[in-house]
Amino acid sequence: MKHNPVWTMDLSMLENDGRTLTLGSKLLVTDNLEGQPMRDDSLNDNAKRFPMKLSAACMVVVIKGSVRFSVNFREFVATENTCLITTEGTIVENVVYETDSRVIFISFSQSELSGPNNSTQHNVHRLYALQAVLVRLMPQHLDMMRTVYQLLRKILSDPAFAANREAIAFSCLALMANIILQTADDQPELAPKSSRRDEIVARFLQCVADNYRTHRELSFYASQLCLSLKYMSHIIYEQTGRHPSQWIKDYVILDAKTMLRSGRYTVQQVADELNFPNQSFFGKYFKEAVGVSPKKWK
């Protein structure tokens, strides 16, 4: 399965003061814990104006202050001692930092925490299924997160870890994910589960993220999951409260909105990018979902 490199994201929305570390195309970490506080003018013009589709999963831990932003066109405010988890393909825009904010930012290839032998798989997928979720961290868990994060930075920068750097780094990331899930006791909707149905939901959402531009028919996804259409639809609706066709449509519409709002695509070009047979068909599809035509959305 092909994944876009982590650094294809417009990470210039965060100041690079030498705190950024990467692991090939699979992992990127940065923070402003030791530098100057975040400033609103550290965001470039593109980050202020345009939505950005994330090509990797992200973890944002707010240590101090607050960060306001929109994820999938829904407003979030991450305050002190909170963590935001987003999955690949989510849309982020309108990022505004409180003056004295201190933030840890981690971007990673989602597949690295989804291996068949990874015991973290089901728990992490529980977060992925929500696409974007804000988690309140208990003080002791925040301390643990900071400790593991510092260890992760050491692993990424110290030549002594070169031989096994990737495996150790992602073990740290898996540990951070599990620390976050430990805070789910008072957030029932985040409670980790390990079941066949959760796995189906996670596989379906990943399949949609990979194929929504070329496949909108439910039969394709049922075939990819080796399930009957009826059973797949039942499981997805029962577990998420939404029909699988709505998940597919949301991915398509989010992508369309992003391209239209950027001002860099005509309606015809968006229709072509999303593999609609013609502009008219795309216009009807978009208006049915959004309530206005693509031209009015622009």
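Because only heavy atoms are used, hydrogens play no part in the values below, and waters and symmetry mates are left out as well, while side chains stay in.
Nearest heavy-atom pair, Phe161 versus Ile168, reported as atom, atom and distance to 0.1 Å: CD2-CD1, 3.9 Å. Considering all non-hydrogen atoms of both residues, Leu218 and Ser245 come closest at CD2-N, 3.7 Å. Shortest non-hydrogen contact noted between Leu254 and Thr258 is O-OG1, 2.8 Å. The heavy-atom pair separating Met176 from Met145 by the smallest distance is O-SD, 3.5 Å. Among all heavy-atom pairs drawn from Arg153 and Thr30, the shortest one is NH1-CA, 4.2 Å. Shown here for Leu173 and Leu27, the closest heavy-atom pair between the two residues is CD2-CD1, 4.3 Å.
Taking CG of Asp272 as the reference point, atom OG1 of Thr266 lies at 7.5 Å (rounded to 0.5 Å). To the nearest 0.5 angstrom, Arg102 atom CZ is 12.0 Å from Glu80 atom CD. Of the inter-residue distances, the one linking Leu260 atom CG with Lys295 atom NZ reads 11.5 Å to the nearest 0.5 angstrom. To the nearest 0.5 Å, atom CZ of residue Arg203 and atom CE of residue Met232 are 11.0 Å apart. For the atom pair CZ (Phe170) and OG (Ser109), the distance works out to 6.5 Å, reported to the nearest 0.5 Å. Atom-to-atom distance recorded for Ser107:OG and Lys26:NZ is 14.0 Å, nearest 0.5 angstrom.
Each of Phe108 and Ile155 belongs to its own hydrophobic cluster when Ile, Leu, Val, Met, Phe, Trp and Tyr are linked at side-chain heavy-atom distances under 4.5 angstrom. Placement of Val103 and Val77 in two distinct hydrophobic clusters is found when ILVMFWY residues are connected by side-chain heavy-atom separations under 4.5 Å, directly or transitively. Using a 4.5 Å cut-off between side-chain heavy atoms of Ile, Leu, Val, Met, Phe, Trp and Tyr, with links allowed through other members, Leu205 and Ile200 fall into the same hydrophobic cluster. Hydrophobic clustering (ILVMFWY, side-chain heavy atoms < 4.5 Å, transitive): Phe105 and Leu151 are in distinct clusters. Under the 4.5 Å side-chain heavy-atom criterion for ILVMFWY residues, a single connected hydrophobic cluster contains both Leu137 and Met144.
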#### Entry: Verdict with reasoning, Tyr221 to Ile248, per side chain to side chain contact (heavy atoms under 4.5 Å, CB included)
CA-CA 10 Å; Tyr221 295 96; Ile248 298 168; 3.5 Å; yes

### Query
Between Ile236 and His243, does a side chain to side chain contact (heavy atoms under 4.5 Å, CB included) hold up when you go through it step by step?
CA-CA 6 Å; Ile236 299 303; His243 194 271; over 6 Å; no

### Message
Please evaluate residues Leu227 and Ile235 with respect to the criterion side chain to side chain contact (heavy atoms under 4.5 Å, CB included), reporting the C-alpha separation (whole Å), side-chain torsions for both, the decisive distance (0.1 Å), and the verdict.
### Response
CA-CA 10 Å; Leu227 301 172; Ile235 293 299; over 6 Å; no

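Evaluated for a side chain to side chain contact (heavy atoms under 4.5 Å, CB included) with Ile104, the options Asn32, Val62, Leu33, Leu152 yield exactly one hit, Leu33.
Side-chain atoms of Asp100 do not come within 3.5 Å of backbone N or O of Gly65 as any donor-acceptor pair. A donor-acceptor pair under 3.5 Å is absent between the side-chain atoms of Ser223 and the main chain of Ser219, judged by distance alone. Side-chain atoms of Asp158 never come within 3.5 Å of backbone atoms of Lys154 as a donor-acceptor pair (strictly under, hydrogens ignored). Side-chain atoms of Thr79 do not come within 3.5 Å of backbone N or O of Ser66 as any donor-acceptor pair. Remark: the backbone N or O of Lys249 is not paired with any side-chain donor or acceptor of Arg216 at under 3.5 angstrom.
Annotation for Tyr237: atom OH does not count as buried by contact number, only 12 or fewer foreign heavy atoms lying within 6.0 Å. The local environment of CZ in Arg146 is sparse, with at most 12 non-hydrogen atoms from other residues, nucleotides or ligands closer than 6.0 Å.
When side chains are defined from C-beta on, Ile85 counts as touching Ile180, because their heavy atoms get closer than 4.5 Å. Residues Leu274 and Tyr285 fail the side-chain proximity criterion, which asks for heavy atoms closer than 4.5 Å. The shortest distance between side-chain heavy atoms of Pro244 and Phe204 falls below 4.5 Å.
Annotation: ring pair (Phe, Tyr, Trp, His ring centres under 6.0 Å) contacts of Phe282 (sequence neighbours excluded): Phe276, Phe286. In this structure, the ring pair (Phe, Tyr, Trp, His ring centres under 6.0 Å) partners of His215, at least two apart in sequence or on a different chain, are Phe220.
Ring geometry for Tyr251 against Tyr212 counts as tilted: the plane angle lies between 30° and 60°, on a 0 to 90° scale.
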